[in-house]
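This is a predicted model, so every value here is computed, not measured. Chain identifiers are assigned alphabetically (A, B, ...) following the order of the sequence lines, protein sequences preceding nucleic acid strands; residue numbering begins at 1 within each chain.
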Number of protein chains: 2
Amino acid sequence: MATSTVSRALRGLPGVSKATRVRIRKIAADLGYQASPSASRLATGVTGTVAVVVPDATKWFFGQVISGAGSAIRAAGRDVLLYELGDSEGRRRFFSQQVLRGRADAVMVLSLSLTQQEAGMLQALNLPVVLLGHSSEYFGSVRVDERAAARTAVGHLVDLGHRRIGLIGIDDEREATAGSAAPPSRVAGSRQSLLAAGIPLEDALQQFGPNSVDGGAAAMERLLSAPVPPTGVFVSSDEMAFGAMEAARAAGLDIPRDMSLVGFDNHDLARVMDLTTIDQDVRGQGAAAAELLLRALEPPGSGAARQTRIINTHLVKRGTTSAPATAATRSARPSRKTRQQP
Amino acid sequence: MATSTVSRALRGLPGVSKATRVRIRKIAADLGYQASPSASRLATGVTGTVAVVVPDATKWFFGQVISGAGSAIRAAGRDVLLYELGDSEGRRRFFSQQVLRGRADAVMVLSLSLTQQEAGMLQALNLPVVLLGHSSEYFGSVRVDERAAARTAVGHLVDLGHRRIGLIGIDDEREATAGSAAPPSRVAGSRQSLLAAGIPLEDALQQFGPNSVDGGAAAMERLLSAPVPPTGVFVSSDEMAFGAMEAARAAGLDIPRDMSLVGFDNHDLARVMDLTTIDQDVRGQGAAAAELLLRALEPPGSGAARQTRIINTHLVKRGTTSAPATAATRSARPSRKTRQQP
DNA sequence: CTGAAAGCGCTTACAG
DNA sequence: CTGAAAGCGCTTACAG
């Protein structure tokens with residue numbers, strides 16, 4: 001029994017008689033023998049590993065992607081190497097040294113707007129790369145139609161009768177999450193929607209901040225200090241929307257009577273917070289990105305990874321949106337909290 | 001320039017003249033040369049990788065641990081291999097085949113109450129193992145003093161004057177999270193506290209369910225259907241507490257007037273939900289577990305991983321707890337939502 | 001269908 | 001301090 005025969009038998013390659021295959025497998029099972037990963041890697045040049053690069057593993061969004069992508073990757077018999085960038089220093093380190101070299105067969109990069117050099121470095125790796133949440137001319141990507149989703153969100157506010165509509169966008173430049181940002185098209189889509197409704201854009205009604213509860217609260221506070229504050233706000237993430245709700249209530253506003261809010265994500269807790277939001281099947285996006293990569297790793301898989309897959313979104317109407325209060329109802333009705341009313 | 005000299009120079013081993021070391025490093029930098037990980041692994045038997053095993057990467061708790069442990073592991077120049085168990089089938093697969101064999105130098109296992117066989121399999125790996133959130137006679141562990149924390153939580157309710165106190169515990173046996181469970185000692189601590197206050201235990205006031213918003217809501221519904229429902233409840237996780245809040249409000253109760261709630265975790269959103277809870281520095285627990293493992297991997301590191309590290313907890317008082325309403329105030333004051341009142 | 005041999009790219013005694 | 005050689009445990013043409 002030469003090692004070559006054992007190798008072929010265990011991997012199910014042709015050229016081994018059924019009898020010896022069975023015998024070898026039985027012995028291997030009895031002995032608990034497994035081929036050494038390091039040795040196979042060296043011999044084949046294949047690591048059997050997919051790297052998942054995230055800005056911050058503590059964010060709900062990334063947890064969903066890691067889980068969705070991870071289960072697809074594991075189902076394909078491959079390992080998940082997790083790279084968390086952390087801060088901008090971590091991002092620099094990751095992209096300057098070729099950390100992934102020889103450690104993964106494919107790379108998934110989440111929610112990063114890549115600079116020219118960063119894209120170049122990823123290409124130099126000469127591995128299938130798929131982006132999630134952003135697109136690039138160089139790599140495949142999975143994302144939602146940000147424009148359409150934003151139009152739906154803002155359109156919902158317009159349909160309810162709102163005319164002063166604020167926008168809270170993501171801008172993490174001063175943040176630990178390494179410059180991760182929601183696609184600018186999300187903001188662009190909102191603007192389109194406002195213009196289509198004949199609502200003029202106002203700088204004071206567009207605020208940006210880091211993607212966190214506190215970032216959303218701060219942005220809402222800025223919106224409320226506008227000469228004429230908005231009656232409805234589209235917030236680029238649910239976490240920011242939670243903060244915005246908190247800030248609006250702290251300012252004595254009733255939601256949705258004095259302030260309507262639409263989020264983005266359909267976070268696990270959006271239902272509890274009774275937040276109207278855009279669902280964007282984040283887990284599904286992770287799985288789709290993994291599939292693109294796995295397909296690129298299949299035998300024929302040349303550039304199969306270089307595709308764009310668009311995931312559907314839909315509006316989930318909940319209790320944070322309603323028609324704006326008229327001046328009359330505003331003073332007539334006593335301020336009362338509403339979201340827990342069954 | 002023999003490969004052996006290059007190898008020594010690049011790894012900073014002694015026995016290389018300063019001149020050649022400098023020259024070799026310069027050339028390597030110019031060429032962007034890096035030693036092949038697969039080849040070094042095969043030659044040394046060291047993978048430079050730490051495996052982190054989690055039941056479910058989408059849970060807030062695990063995201064925090066992954067982040068805290070991951071950044072310590074990465075800072076030590078090692079890679080993070082992420083294993084998400086998913087469902088009980090995934091758990092079975094993980095523990096039956098020796099998936100980690102030859103893929104990691106150390107293993108961190110989160111929030112799993114290990115069976116005898118599972119512990120045996122981990123030991124057979126012959127690698128440093130550290131548990132997080134559970135302890136075991138066989139492995140090192142990082143956790144909080146569950147009993148003390150639970151006593152603090154329940155003690156807070158007792159101090160406020162509550163005498164009918166409910167308990168919501170975690171029991172994921174029917175759940176996808178692979179039997180992850182909060183330590184039984186958390187429940188035990190609560191019971192101690194009740195007994196110390198002279199409050200008899202009642203089965204109807206102890207409910208268990210999966211660690212999720214829905215699990216918490218369902219458990220609260222069961223508590224509310226008790227002959228005499230509790231006026232205060234200690235919930236074993238913040239996510240469950242969010243669900244419990246929702247269910248209590250849906251039943252027309254005002255929090256904290258009709259129902260006080262103490263959670264466990266100090267989840268990112270606990271502040272927004274104004275939830276009184278036990279903070280248990282989850283990120284710090286992850287970092288501590290990583291340090292235990294990293295220390296065990298150091299040259300002298302024999303059984304350094306086999307320690308128990310206890311992380312401090314503290315009560316964070318917020319708006320979901322107050323003295324129980326007396327019968328008088330209960331009918332006198334109109335039902336009103338309170339948490340947003342600044 | 002089976003086996004012997006070379007090679008993957010490092011590291012580590014061992015000589016010099 | 002430097003280099004030549006063996007070895008880590010696989011896989012893959014190549015012979016038989």
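Judged as a side-chain hydrogen bond (donor to acceptor under 3.5 Å, both in side chains), the pairs with a partner in residues 24-35 of chain A (not counting sequence neighbours) are, in order, K26(A)-D30(A). Pairs engaging residues 121-132 of chain B under the side-chain hydrogen bond (donor to acceptor under 3.5 Å, both in side chains) rule: none recorded [sequence neighbours left out].
For the residue pair S67(A)/E84(B), the side-chain donor-acceptor check at 3.5 Å is satisfied. Between the side chains of S4(A) and S7(A), no donor-acceptor pair of N or O atoms lies under 3.5 Å.
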Could you walk me through whether I66(A) and V54(A) pass side chain to side chain contact (heavy atoms under 4.5 Å, CB included), step by step? CA-CA 9 Å; I66(A) 289 172; V54(A) 306; 4.0 Å; yes

Could you walk me through whether L100(A) and F94(A) pass the side chain to side chain contact (heavy atoms under 4.5 Å, CB included) check? CA-CA 8 Å; L100(A) 255 30; F94(A) 176 81; 3.7 Å; yes

Given side chain to side chain contact (heavy atoms under 4.5 Å, CB included), test T49(B) with R41(B) step by step and report yes or no. CA-CA 10 Å; T49(B) 301; R41(B) 287 177 189 199; 3.6 Å; yes

Is there a side chain to side chain contact (heavy atoms under 4.5 Å, CB included) between Q307(A) and V142(A)? Walk through the geometry before answering. CA-CA 8 Å; Q307(A) 296 179 6; V142(A) 170; over 6 Å; no

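A salt bridge links E89(B) to R92(B): one of the charged nitrogens lies within less than 4.0 Å of a carboxylate oxygen.
The stretch residues 33-45 of chain A touches DNA chain C through L42(A), A43(A), each having a heavy atom under 4.0 angstrom from the strand. Listed by residue number, S7(B), R8(B), R11(B) are the residues of residues 5-15 of chain B with a heavy-atom contact under 4.0 Å to DNA chain C.
With a heavy-atom cut-off of 4.0 Å to chain B, the contacted part of DNA chain D has its first and last nucleotide at dC1(D) to dG9(D).
For the pair V109(B)/V130(B), no side-chain contact is recorded, criterion being any heavy-atom separation below 4.5 Å from C-beta on.
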Using Watson-Crick or G-U wobble pairs with both distances under 3.5 Å, give me DNA chain D in dot-bracket, 5' to 3', with [ ] for crossers and | for pairs to another strand. |||.||||||||.|||

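Under the side chain to side chain donor-acceptor pair (under 3.5 Å) rule, Q285(B) has a single partner from Q64(B), Q280(B), R143(B), which is Q280(B).
When atom types are taken as modelled, the side chain of K59(A) and the backbone of N211(A) share a donor-acceptor pair closer than 3.5 angstrom.
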